[in-house]
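Sequence positions, counted from 1, serve as the residue numbers for this chain. Keep in mind the model is a prediction, meaning the values are calculated, not measured.
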Amino acid sequence: MKINKGQSILLAVMVLILGASGACKASIDKSDVRNLSWAEIEAKAKGTTVTWAMWGGDDRINTWVDTVVATRLKKDYGVDLLRIPMDASVFVSKVSNEKSANKEQGSLDLLWINGENFRRAKSEGLLLGPISDKLPNMALVNPQDVVYDFGTLVEGYEVPYGRAQFVFEYDSAKIPSPPRNFVELKAWIIAHPGRFTYPEASDFTGSAFIRQVFYASSGGQANYIKPFDQDEFAVDSAPLWAWLKDVRPYLWQKGTTYPSDKAKLDTLFERGEVDFNMSYSQGGAQGLIHAGRYPATVRTLVMERQSLGNIHYTAVPFNSPNPAGALILANLLLDPAIQASKNDPLNWGDFTVLDTSKLKGQDKASFESLDLGPATLPLQVLAANMVPEISSSYVEALENKWERHVLTDSP
């Protein structure tokens, strides 16, 4: 029987409700964890199960977590891993509801979170922290890289996990000269009706695509470092809505419908119904070539000086029943061997958050020997075209306005 995304989330929640009392054999009071030494945290976590709520829309990522990460966690620390497939907005709302109900012991230990969901969780007091200073492997991260998350001060409430950059995927055998900026992309879409689309704004990848068009049509990211202003936003975003409405009749299904999420767009691309896919994983396409899902001629591209980049994080909810296990897992995810494994396109292709200049010996060699494959752009090309993410207040505004200005075409 095939289980859809909604059923998967429901099953996960049922597992949590039925098994929360037995999920960890030993837990510690959340008020104690930051006062413990690392050796004490390891001792408290041993023999427990840690639950990790994370996006579950990519089978390769799920497999990597369930095998590579879970195996190391059990072998090195005696901790079992229970992966809970759940979208970030869902688990943030879940923790928020638990806080409103004064539920001091929740059902989730670690969250894969960033951006607007982090801003909400931090502002509502849903996270345990600061915690990152407890983790030994944070010494391998450049602290200047993790000051802000979509404009929100991190302040140790999150632990970096991976580095991502937005790319477009296309088959070079079909499109030898793809568009390189959003002016050219608009012209390409109009000249090739039905061969392009993007996910709805409620999907992270769809939202990121819209943010890049916003940058390109309104003068660039530097204009939005300042605090959000509704009146200025209305003026600045007008060219974005015009761009999206201009191309809408030429999209897949004539723009009458959009893929609900990235997984749906993946399917359209793999079936050949559209000519471009998009991903917030700069190395992911090579892994799909290895897996036989993409032809060997698939390549990636970035729009000139308009490729969004960010760091994604893990965080511990304020009412984690096993905060010691959560910290052990967050630290393990920064282990050089785990980071190199994640960076390998055969596993995922998600780039490392470690400062590799701090690595030595085999740890350093493991990154230098990585074969990122021909579908992955050279690191210097990615770096030259990367722009930071906009403040999460703009993200929320863009997502909320998209349905009115584009989907329903209201004034």
Side-chain angles (χ1 to χ4, degrees), residues 4-6 57-58 87 89 116 166-171 174-175 177-219 233-281 284-285 294 298-304 306-308 390 394-411:
N4 62 33
K5 181 178 179 183
D58 191 315
D87 287 347
S89 60
E116 58 190 306
F166 194 101
V167 296
F168 291 87
E169 301 167 347
Y170 69 101
D171 189 340
K174 297 178 180 178
I175 308 174
S177 299
R180 296 293 176 175
N181 55 58
F182 285 99
V183 173
E184 292 181 6
L185 179 60
K186 180 178 180 180
W188 190 96
I189 293 170
I190 293 173
H192 300 82
R195 305 301 301 172
F196 186 92
T197 191
Y198 59 93
E200 295 178 359
S202 58
D203 173 76
F204 182 81
T205 302
S207 175
F209 170 74
I210 292 166
R211 295 196 293 275
Q212 289 179 116
V213 181
F214 179 52
Y215 277 3
S217 62
S218 63
F233 174 72
V235 174
D236 292 342
S237 62
L240 164 67
W241 311 129
W243 194 101
L244 294 173
K245 285 194 282 189
D246 285 348
V247 302
R248 181 181 174 183
Y250 303 94
L251 298 178
W252 172 76
Q253 298 292 323
K254 298 183 178 180
T256 57
T257 186
Y258 294 80
S260 58
D261 54 33
K262 173 172 165 48
K264 299 291 193 307
L265 180 59
D266 291 344
T267 299
L268 293 178
F269 181 69
E270 290 179 49
R271 288 177 177 173
E273 295 187 49
V274 295
D275 289 329
F276 286 91
N277 199 356
M278 52 189 73
S279 175
Y280 220 134
S281 176
Y294 281 4
V298 165
R299 295 292 183 267
T300 56
L301 67 90
V302 291
M303 295 296 158
E304 295 170 351
Q306 297 293 344
S307 174
L308 289 176
I390 202 167
Y394 286 95
V395 176
E396 184 176 357
L398 288 167
E399 292 174 351
N400 289 339
K401 297 293 185 183
W402 178 82
E403 183 172 349
R404 188 175 77 188
H405 285 291
V406 179
L407 190 60
T408 62
D409 203 19
S410 299

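Here the closest non-hydrogen pair linking Pro179 and Met303 is O-CE, 3.9 Å. Across all non-hydrogen atoms, the minimal contact from Glu116 to Val395 is OE2-CG1, 3.1 Å. Counting all heavy atoms, side chain and backbone alike, Tyr294 lies closest to Glu169 at OH-OE1, 2.6 Å. Closest approach of Phe214 to Leu398, counting heavy atoms only: CD2-CD1, 3.9 Å. The two residues Gln212 and Ser307 make their nearest non-hydrogen contact at OE1-CA, 3.3 Å. Minimum interatomic distance between Ile189 and Tyr250 (heavy atoms only, all atoms of both residues): O-CB, 3.7 Å.
In summary, of the residues considered (Glu403, Glu396, Arg404), a side chain to side chain contact (heavy atoms under 4.5 Å, CB included) with Asn400 occurs for Glu396 alone.
Using bins of under 30°, 30° to 60° and over 60° for the plane-to-plane angle, the ring pair Phe209/Phe196 lands in the tilted bin. Under the 30°/60° scheme for interplanar angles, the aromatic rings of Phe166 and Phe168 are found to stand perpendicular. Tyr198 and Trp402 have perpendicular rings, their planes meeting at more than 60° on a 0 to 90° scale where under 30° would count as parallel.
In this structure, Arg299 contributes its side chain and Ala285 its backbone to no donor-acceptor pair below 3.5 Å. A donor-acceptor pair under 3.5 Å is formed between the side chain of Arg195 and the backbone N or O of Glu273. Put simply, the side chain of Glu399 never gets that close to the backbone of Ser207: no donor and acceptor are under 3.5 Å apart. Not one N or O on the side chain of Tyr394 forms a donor-acceptor pair closer than 3.5 Å with the backbone of Phe233. Between the Asn181 side chain and the Val183 main chain, a donor and an acceptor come within less than 3.5 Å of each other.
Here the OG atom belonging to Ser217 is positioned 8.0 Å from the CG atom belonging to Leu244, to the nearest 0.5 angstrom. With rounding to the nearest 0.5 Å, the separation of CZ in Phe269 from CG in Asp275 is 8.0 Å. Between Thr197 atom OG1 and Leu265 atom CG the span is 7.0 Å, to the nearest 0.5 Å. Taking NZ of Lys262 as the start and CG of Asn277 as the end, the distance is 4.0 Å to the nearest 0.5 Å. Taken to the nearest 0.5 Å, the CD1 atom of Ile210 stands 11.0 Å off from the OG1 atom of Thr205.
Contact of the Trp252 side chain with the Thr257 side chain is registered, since non-hydrogen atoms from C-beta on lie closer than 4.5 Å.
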Ile175 vs Asp171, side chain to side chain contact (heavy atoms under 4.5 Å, CB included): CA-CA, chis, key distance, verdict: CA-CA 6 Å; Ile175 308 174; Asp171 189 340; over 6 Å; no
Step-by-step side chain to side chain contact (heavy atoms under 4.5 Å, CB included) determination, His192 to Trp188: CA-CA 6 Å; His192 300 82; Trp188 190 96; 3.3 Å; yes
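Counted by atom type alone, Asp203 and Tyr258 present zero donor-acceptor pairs between their side chains at under 3.5 Å.
For the pair Arg211 and Phe182, the cation-pi test (distance below 6.0 Å, angle within 45°) is failed.
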